[in-house]
Participant: 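I have a structure here, written as structure tokens, and I will follow up with some questions on it.
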Amino acid sequence: MEAEDSDLPDYLSVLNEEQLQAVVHEGSPLLILAGAGSGKTRVITTKIAYLIDKKHLDPYSILAVTFTKKAANEMRQRAELLSPKAQYAQIKTFHSWGAYFLRKYYQAAGVSSTFTVYDEDDMVTLVTKSYPSLTRVQASAFVHKISLAKDYCLEPDSLELDQIDSDEKFREVYAAYQQRLEATGNVDFGDLIMKPYLVLRDNEALKLEMQKRYRVILVDEYQDSNVAQFLLLKELSGIAAGSSTYVCVVGDDDQSIYKFRGAEVQNILNFQNQFPGTKLVRLQTNYRSTQEILSCADSVVRNNESRLGKTLVAARGKGKKPTLVFLPDQDDEVEFCASIIEQAHEKNVPYSDWAILYRLNAQSSGFEHTFIHKKIPYQIVGSLKFYEREEIKDLLAWLGFLVNQKDEVSFRRISNKPARGVGPGTQDKIINAFIDEKCQSILDGAKSIKLTKKAKDGFDAFVSLVDDFSKSLNSKENEGKKLTELISEINEKSLLNEYYKGQDEISGTQKTANLEELANNAMFYPLSVQGLLDFLDSIQLDRTTQDEDESDDQDRVTLITLHNTKGLEFNRVIISGMENGIFPREDKSFAELEEERRLFYVGITRARNELYLTSTRQRRLYGRTNYMEPSLFLSEIDGAYLRVLGQKPSSFAVGSASDPFAKKWTKGKIVFHDDYGEGVISSARFSGEGKWVINVDFFNGGSKVFIPEFQQNRLTLQEE
DNA sequence: CCCGTCGTTATTTTT
DNA sequence: TAACGACGGG
């Protein structure tokens with residue numbers, strides 16, 4: 001034992017026992033249940049280094065996937081610090097791995113080798129064009145469902161598509177969109193996962209090649225994986241066919257909060273069944289928060305039924321008790337937050353210690369107004385997105401069209417901006433000809449049709465711009481030149497710059513500056529098709545907000561939605577709006593309520609030292625003032641872990657979660673009613689008034705809706 | 001093509 | 001409340 005230990009590299013000696021166990025494990029699939037703040041990234045990066053250094057694994061055969069580019073970058077850097085050879089391992093986001101795969105096997109996937117990725121906005125454009133009777137708003141709803149379908153790997157003719165929307169029209173729209181998308185040679189986000197899966201599923205030889213290459217596959221944040229990603233992982237690892245690829249997934253079922261976007265918590269809950277022989281390791285030592293905060297978090301999340309279960313233990317000691325504050329209305333809530341931040345600031349607590357968390361973006365405006373007035377510096381995380389700006393999308397569309405002239409969405413975006421007589425009608429004609437005649441370029445589509453003089457002139461001007469830019473891109477003298485040069489050229493010659501200069505002068509916007517910034521961002525990419533594609537990938541596969549002009553080393557309060565806090569930590573956290581209807585959001589089914597509870601858990605565990613919860617009796621939302629009930633979740637916190645300030649509503653008791661009506665009314669459970677006899681709960685939801693509403697199908701026929709709270713002891717749950 | 005007006009509609013959003 | 005899109009007139 002001793003001798004073996006001295007053989008181990010240094011980086012293993014800093015691990016705790018559970019971390020070490022996770023790092024050195026081998027021989028079966030591994031599920032690492034990593035609680036918040038338990039050193040998850042350290043474990044993954046150490047494992048990568050260990051596999052390379054100690055197990056002499058070829059780094060080329062390691063694939064580590066994450067969900068965000070930020071996480072991938074951090075993982076790569078930290079792994080390289082431990083073992084320089086880790087730079088040869090593939091450490092990427094799921095989607096950028098998909099892009100890598102599709103570029104390599106574009107023929108098998110039926111996409112252009114120079115495809116670019118359509119975002120949601122582009123998808124909406126394509127849906128309206130492939131199904132013209134739809135308004136943009138209607139198209140957006142379909143786009144949402146199409147994305148969800150792809151997250152579940154469902155094609156337009158899949159039977160299970162009914163589970164997303166059983167209306168035949170949805171199938172039609174999806175099919176029409178998909179056909180149109182394939183004509184462009186481009187892909188959407190869903191395709192980046194789904195298409196590689198389909199290619200591998202249908203191509204045995206390629207699948208074996210992949211399985212031979214990847215000896216180790218690590219997946220981070222596995223609780224956020226969707227069905228498509230699960231299917232892809234299964235194909236890639238060949239686990240179903242008994243391959244010896246080592247699969248290790250890391251995640252926290254208690255932090256699964258993206259169901260609405262296709263994340264499937266069942267992936268992590270069922271991992272041990274899907275991958276037989278799985279070893280489970282729990283990382284339960286928390287290095288972030290104090291014990292009082294963790295106990296508070298635990299008393300909430302243990303109310304969930306669908307979880308693997310774990311209990312975090314603080315490495316940092318007891319700490320300060322979290323504070324729950326009741327306030328009359330939202331203005332008082334804002335004032336309260338401002339005042340504790342200011343008071344602390346007078347005692348030299350920096351603003352950047354603080355984060356204010358909320359469920360709805362709409363809640364941020366109150367804080368903003370008051371903070372501006374009181375001169376409290378703040379930053380809002382996740383509002384304005386650089387890449388979503390109109391002018392940026394215009395330039396990106398130019399770049400996308402230069403490498404793929406089948407790109408309908410980009411063509412429509414740039415061919416008449418600024419106006420040159422190529423309006424939507426002309427665009428439709430050109431695109432239709434392009435599709436009908438299966439041309440290689442949309443520009444060829446115009447050859448077979450008649451255009452008016454005005455349209456013809458404008459179109460010719462556009463074509464000559466494309467020619468100019470293509471020449472610049474493909475010139476033989478590009479050695480040493482940067483992509484910035486091309487972007488600046490486009491910016492000037494396309495007259496976009498001039499077009500937006502006018503707008504900037506009238507409305508005081510920053511559009512020309514943004515265009516320039518985009519050009520500057522391309523400084524590190526060579527002027528070549530490959531450089532251009534890499535640049536587009538780097539933007540399209542990283543949708544994080546870019547407030548780069550104001551870096552985060554400034555001292556300011558963070559205003560942020562609960563969802564956006566994942567992976568972050570703050571010394572002092574305020575979770576605002578703890579009211580039924582806001583948080584949890586109203587009309588939640590049981591499963592959704594569990595997800596809301598996980599969201600609360602995520603919020604609580606962001607706090608290092610201090611946690612405040614605020615709840616108002618009255619709230620103005622969407623121009624309406626409503627009387628509010630304290631959040632159900634507040635009653636779930638054990639009273640021993642909470643200090644309560646302000647006027648407590650009479651109906652409220654801390655730690656009253658033992659109240660049988662606070663939970664347990666779940667679909668499928670058997671109940672007994674004094675008047676109607678035995679029945680089964682066919683649905684259960686939590687109303688905005690903080691009460692359960694259940695529907696019971698009685699065994700002797702008939703069904704009824706009840707609010708159990710009002711039935712008192714006439715309605716009882718049959719415990720199994 | 002731009003501008004004003006009216007009506008509609010309101011979670012959360014790693015890629 | 002307020003922000004955004006659709007629509008019609010100049």
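Just so it is clear: chains get the letters A, B, ... in the order the sequence lines come, proteins before strands, and each one is counted from 1.
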Participant: Give A/Lys70 one of three labels, base, sugar-phosphate or nothing, depending on what nucleic acid heavy atoms sit under 4.0 Å from its own.
Facilitator: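 Contact class for A/Lys70: none.
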Participant: Of A/Ala419 and A/Lys566, whose nearest nucleotide on DNA chain B comes first from the 5' end?
Facilitator: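 In this pair, the answer is A/Ala419.
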Participant: Which nucleotide in the set B/dT15, B/dT12, B/dT11 lies at the smallest distance from any side-chain heavy atom of A/His563?
Facilitator: B/dT12
Participant: Can you check the A/Lys259 NZ to B/dT12 C1' distance for me, whole Å?
Facilitator: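 Answer to the nearest Å: 15 Å.
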Participant: Under 4.0 Å between any heavy atoms, over every strand shown, what does A/Tyr258 touch: base, sugar-phosphate, or nothing? Just pick one.
Facilitator: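 The residue A/Tyr258 makes base contact.
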Participant: What is the distance, to the nearest angstrom, from the CG atom on A/Leu396 to the C1' atom on B/dT15?
Facilitator: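 Answer to the nearest Å: 16 Å.
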Participant: What nucleic acid atoms does A/Arg620 come within less than 4.0 Å of, heavy atoms only: base, sugar-phosphate, or nothing?
Facilitator: nothing
Participant: So what does A/Asp119 touch, heavy atoms closer than 4.0 Å: a base, only the sugar-phosphate, or nothing?
Facilitator: nothing
Participant: Are more than 12 heavy atoms from other residues, nucleotides or ligands located less than 6.0 Å from atom CZ of A/Arg136?
Facilitator: yes
Participant: Angle class for the A/Phe462/A/Phe411 ring planes (parallel below 30°, perpendicular above 60°, tilted otherwise)?
Facilitator: perpendicular
Participant: Yes or no on side chain to side chain donor-acceptor pair (under 3.5 Å) for A/Asn226 and A/Tyr258, after CA distance, side-chain angles and deciding distance?
Facilitator: CA-CA 9 Å; A/Asn226 60 34; A/Tyr258 283 111; over 6 Å; no
Participant: Between B/dT15 atom C1' and A/Leu536 atom CG, what is the distance in whole Å?
Facilitator: 15 Å
Participant: Heavy atoms from C-beta onward define the side chain here; which of C/dA6, B/dT11, B/dT13 lies closest to that of A/Arg136?
Facilitator: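 Nearest nucleotide to the side chain: C/dA6.
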Participant: Suppose you measure atom P in C/dC4 against the same atom in B/dT13; what distance do you get, rounded to whole Å?
Facilitator: 16 Å
Participant: May I have the distance from A/Trp97 (atom CH2) to B/dT15 (atom P), rounded to whole angstrom?
Facilitator: 18 Å
Participant: Under the salt bridge (charged side-chain N to carboxylate O under 4.0 Å, His left out) rule, what do A/Glu595 and A/Arg598 come out as? Steps first, then yes or no, please.
Facilitator: CA-CA 5 Å; A/Glu595 176 138 326; A/Arg598 292 193 288 266; 3.1 Å; yes
Participant: Could you state the atom-to-atom distance from NZ of A/Lys145 to C1' of B/dT13 in whole Å?
Facilitator: 18 Å
Participant: What is the distance, to the nearest angstrom, from the CG atom on A/Leu541 to the P atom on B/dT13?
Facilitator: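 For the pair A/Leu541 CG and B/dT13 P, the rounded distance is 20 Å.
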Participant: Please determine if a side-chain N or O atom of A/Thr561 lies less than 4.0 Å away from the OP1 or OP2 oxygen of B/dT13.
Facilitator: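 Result: yes.
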Participant: Counting side-chain heavy atoms from CB outward, which of B/dT11, B/dT13, B/dT15 is closest to A/Phe189?
Facilitator: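 It is B/dT15.
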Participant: Testing the 3.5 Å rule here: is there a donor-acceptor pair between the side chains of A/Thr616 and A/Asp329?
Facilitator: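 Judged by distance alone, the side chains do not pair up.
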Participant: Would you mind reading off the distance between A/Leu559 atom CG and B/dT12 atom P, rounded to a whole angstrom?
Facilitator: 15 Å
Participant: Compare the minimum distances between each of B/dT15, B/dT12, B/dT11 and the side chain of A/His95, then state the nucleotide with the smallest one.
Facilitator: B/dT15
Participant: Is the number of heavy atoms from other residues, nucleotides or ligands under 6.0 Å of A/Glu390 CD greater than 12?
Facilitator: yes
Participant: In terms of side-chain heavy atoms of A/Asn416, which of B/dA10, B/dT12, B/dC1 is nearest?
Facilitator: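 Nucleotide nearest to A/Asn416's side chain: B/dC1.
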Participant: Please classify the nucleic acid contact of A/Ala71 as base, sugar-phosphate, or nothing, using heavy-atom distances under 4.0 Å.
Facilitator: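 It contacts nothing in the nucleic acid.
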Participant: B/dA10, B/dT12, B/dT15: which one has an atom nearest the side-chain heavy atoms of A/Tyr622?
Facilitator: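 Minimum distance to the A/Tyr622 side chain belongs to B/dA10.
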Participant: Check every atom of B/dT15, B/dC1, B/dT11 against the side chain of A/Arg585 and return the nucleotide holding the closest atom.
Facilitator: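 Nearest nucleotide to the side chain: B/dT11.
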Participant: Starting from the 5' end of DNA chain B, give me the residue, A/Leu599 or A/Phe67, whose nearest nucleotide shows up first.
Facilitator: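 Comparing both residues, the 5'-ward one is A/Leu599.
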Participant: Could you give the CZ-to-P distance, from A/Phe260 to B/dT15, as a whole number of Å?
Facilitator: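 It works out to 13 Å between those atoms.
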Participant: Let's see if you can work this out: which of B/dT13, B/dC1, C/dA6 has an atom nearest to the side-chain heavy atoms of A/Thr135?
Facilitator: C/dA6
Participant: Are OP1 or OP2 of B/dT11 and a side-chain N or O of A/Asn361 less than 4.0 angstrom apart?
Facilitator: no
